[in-house]
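In what follows, every heavy atom counts, from backbone to side chain, and hydrogens, waters and symmetry copies are set aside. All chains are named by letter (A, B, ...) in the order of the sequence lines, taking the proteins before the strands, and each is independently numbered beginning at 1.
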2 protein chains.
Amino acid sequence: MKSVSCSSCLLKSEAVVNLAEQELNVLGRSCVEAVFEKGETIFKQDALSSNIIYLQTGLVKLLVKGPQRIQILRLKKAPCYLGIPTTMGDKINHYSAVAIERTTACFIDINVFKELIRVNPDFSYEIIIELCRNELEQFNRCVKLVQNQVFGRLATHLLDLSAHIYLSDQFDLPLNRSEIADLVCSSRETVSRLFSDLAKEGIIKVDGKHLEIVDKLRLQNISEKG
Amino acid sequence: MKSVSCSSCLLKSEAVVNLAEQELNVLGRSCVEAVFEKGETIFKQDALSSNIIYLQTGLVKLLVKGPQRIQILRLKKAPCYLGIPTTMGDKINHYSAVAIERTTACFIDINVFKELIRVNPDFSYEIIIELCRNELEQFNRCVKLVQNQVFGRLATHLLDLSAHIYLSDQFDLPLNRSEIADLVCSSRETVSRLFSDLAKEGIIKVDGKHLEIVDKLRLQNISEKG
DNA sequence: AATAAAATGTGATTTATATCACACCTATTT
DNA sequence: AAATAGGTGTGATATAAATCACATTTTATT
């Protein structure tokens with residue numbers, strides 16, 4: 001971990017674009033950078049939450065230990081903030097964040113973050129907008145989860161990976177079948193079966209972790225119709 | 001609808017306690033009060049969103065038309081804000097708000113709301129905290145929804161009505177069986193059966209809309225264990 | 001008060017999907 | 001190269017809860 005100059009990295013963040021030189025220096029002095037390898041935990045459910053994290057590069061899963069099983073709430077791709085709700089909303093983390101590929105992250109002390117909100121209205125405005133969008137997305141996810149069956153949910157997540165994470169029709173899945181089950185809220189076996197079915201139908205090609213979306217239109221149809 | 005003095009009502013809101021006299025006057029001039037009877041829509045999914053609503057009194061359900069059915073996202077009890085995510089997060093409402101008892105509400109123009117955020121850091125801080133708590137609550141709801149079976153979800157919602165809405169072990173249900181099904185994401189028939197079962201077990205007493213929680217401990221147990 | 005309409009309770013049936021069970025395959029370790 | 005462990009595919013079975021079906025009750029309307 002090392003202290004960093006935030007003007008060189010955080011300036012890429014929309015929310016930080018309006019911070020003055022002096023504010024950035026304050027941020028820089030209280031900011032430490034860290035690297036996480038695949039599988040490493042960035043912060044942990046039930047631990048005290050005292051930092052906001054700015055993801056510079058990489059991919060992260062947010063997960064909760066529910067009463068029955070682990071559930072992946074969502075994936076977060078850099079650049080973005082991590083842990084604003086869980087750090088600002090309570091003293092204790094309500095979920096964990098785990099890197100699913102090599103990730104670099106900046107830890108911002110919560111008091112510094114709060115001070116930034118206080119002194120910079122444009123910054124706090126951006127944060128508010130992001131929180132609002134997150135809530136709308138979360139509502140959407142919840143509705144899909146309840147009203148679509150596993151087939152549709154899996155299709156939705158594959159399209160999401162393709163369109164928003166890898167920006168390609170082909171990519172290597174960052175999760176194993178069991179984790180994909182946690183993501184679509186199903187069982188490992190069911191996910192396995194559905195992959196086979198989708199492949200048999202010629203909608204996708206799967207070879208281990210490698211996935212190719214062949215018939216995007218039909219996959220979109222499955223995603224919408226359930 | 002009439003123009004109102006916000007210092008007499010909004011001051012009750014934690015988030016507004018720090019607004020200056022002048023800011024309150026700005027708010028007052030652009031603020032209109034309205035009364036909604038049970039069943040009336042306050043704002044509608046897919047309509048343009050241009051107001052933040054401050055609920056002064058009453059009870060409201062937020063609902064989405066999903067692909068298969070209607071789903072009640074959550075209940076909101078006055079005093080609280082309504083529609084911040086859907087108004088700030090997008091131009092179009094992602095859900096509807098419907099009064100489920102007589103409700104009075106103040107409509108605040110979005111530009112006035114944005115201006116308040118800009119000029120008053122304490123106000124925007126309060127809003128950020130509320131949004132963060134909402135997101136954590138929403139994650140919780142989602143996890144329960146997926147991992148508990150209907151029995152547990154129904155128990156959770158009954159306890160929630162008792163503890164957070166009516167502050168009593170006895171109350172009149174503000175929703176019919178079909179709406180309760182929308183809330184716990186189940187079917188009317190299943191809710192009906194579960195009410196009967198809970199009553200047979202002596203955990204609750206039901207008479208039409210009137211509900212009494214008799215054995216709170218067992219109900220809590222059902223709520224947690226699924 | 002009579003009638004229509006809506007809401008509710010409960011049995012029978014169906015269905016999506018979890019769970020169980022086991023074979024196979026791929027890595028890593030020895 | 002052998003051995004162990006984790007990951008994966010797929011059939012058989014079990015189950016929670018949806019759906020269908022209809023009787024009954026409650027509420028609204030004429």
Side-chain angles (χ1 to χ4, degrees), chain A residues 37-39 66-72 100 143-158 172-201 203-211 222-223 225-226, chain B residues 37-39 66-72 100 143-158 172-201 203-211 222-223 225-226:
Chain A
E37 301 300 330
K38 181 173 176 148
Q68 317 292 328
R69 70 178 87 242
I70 281 171
Q71 196 168 326
I72 298 181
I100 54 176
V143 169
K144 285 231 159 181
L145 198 56
V146 171
Q147 300 198 19
N148 284 354
Q149 42 204 75
V150 191
F151 227 102
R153 305 205 297 265
L154 182 62
T156 303
H157 279 281
L158 294 182
D172 284 332
L173 290 163
L175 306 170
N176 64 28
R177 302 298 134 104
S178 172
E179 290 172 306
I180 292 171
D182 295 340
L183 184 64
V184 303
C185 299
S186 178
S187 70
R188 200 210 88 227
E189 294 94 324
T190 298
V191 169
S192 205
R193 263 185 271 268
L194 295 189
F195 268 136
S196 301
D197 293 351
L198 286 171
K200 265 178 218 144
E201 290 279 324
I203 296 169
I204 61 172
K205 276 184 196 158
V206 239
D207 179 21
K209 285 241 152 63
H210 190 77
L211 190 128
I222 291 169
S223 162
K225 298 286 159 57
Chain B
E37 300 300 330
K38 181 175 176 145
Q68 317 292 328
R69 70 179 87 244
I70 282 172
Q71 196 168 327
I72 298 180
I100 55 176
V143 170
K144 285 232 159 180
L145 198 56
V146 171
Q147 301 197 21
N148 284 353
Q149 41 203 76
V150 192
F151 227 101
R153 304 206 297 265
L154 182 61
T156 304
H157 278 282
L158 294 182
D172 285 331
L173 290 162
L175 306 169
N176 63 30
R177 301 299 135 103
S178 171
E179 289 172 306
I180 292 171
D182 295 338
L183 183 64
V184 302
C185 299
S186 176
S187 70
R188 201 210 87 225
E189 293 94 324
T190 298
V191 169
S192 204
R193 262 184 272 269
L194 295 189
F195 268 135
S196 300
D197 293 351
L198 286 171
K200 264 178 217 145
E201 291 279 325
I203 296 169
I204 61 171
K205 277 185 195 160
V206 240
D207 179 22
K209 286 240 153 61
H210 190 77
L211 189 128
I222 292 170
S223 161
K225 300 286 157 61

- request: Measure the distance from CZ on A:F151 to P on C:dA18 and round it to the nearest whole Å.
  value: 13 Å
Phosphate OP1/OP2 of C:dT10: any B:S196 side-chain N/O under 4.0 Å: yes
query: Once you round it to whole Å, what is the distance between C1' of C:dT15 and CG of A:N148?
result: 17 Å
- prompt: When the distance from CD of A:Q147 to C1' of C:dT17 is rounded to whole Å, what number comes out?
  reply: 18 Å
statement: From CZ of A:R177 across to C1' of C:dT26 the rounded distance in Å is 13 Å
message: Quick check for you: among D:dA18, C:dA16, C:dT10, whose closest atom lies nearest to any side-chain atom of B:E189?
response: C:dT10
task: Let me know the distance between CD of A:Q68 and P of D:dT15, rounded to the nearest Å.
output: 16 Å
field: Between P of C:dA7 and NE2 of B:H210, the distance in whole Å
entry: 21 Å
- line: Here the pair of heavy atoms bringing A:Q68 nearest to B:K225 is NE2-O, 3.8 Å
- prompt: Of the non-hydrogen atoms in B:I72 and B:L183, which two are nearest, and what is the gap between them?
  reply: CG2-CD1, 3.6 Å
query: Taking N and O atoms by type only, does the side chain of B:R188 place a donor or acceptor under 3.5 Å from a partner on the base of C:dG9?
result: yes
- prompt: The side chain of A:N176 lies closest to which of these nucleotides: D:dG7, C:dT17, D:dA17?
  reply: D:dG7
- prompt: Hey, does A:S187 reach any base, or is it just sugar-phosphate, or nothing, if we go heavy atoms under 4.0 Å?
  reply: base
task: May I ask you to evaluate whether B:S192 reaches the phosphate of C:dT10, defined as a side-chain N or O under 4.0 Å from OP1 or OP2?
output: no
field: For B:Q71 against A:V146, the heavy-atom pair lying closest together
entry: NE2-CG2, 3.8 Å
- prompt: To the nearest angstrom, how far is A:F195 atom CZ from C:dC25 atom P?
  reply: 20 Å
task: Report yes if some heavy atom in the side chain of B:L194 is under 4.5 Å from a heavy atom in the side chain of B:V184; otherwise report no.
output: no
task: Let me know, please, whether B:L175 or B:R193 comes out on the 5' side of the other along DNA chain C by nearest nucleotide.
output: B:L175
- prompt: Is any side-chain nitrogen or oxygen of B:T190 closer than 4.0 Å to OP1 or OP2 of D:dA16?
  reply: no
- request: Would you mind reading off the distance between B:D207 atom CG and C:dG9 atom C1', rounded to a whole angstrom?
  value: 14 Å
statement: Of all heavy-atom pairs linking A:A181 and A:S187, the shortest is CB-C, 3.4 Å
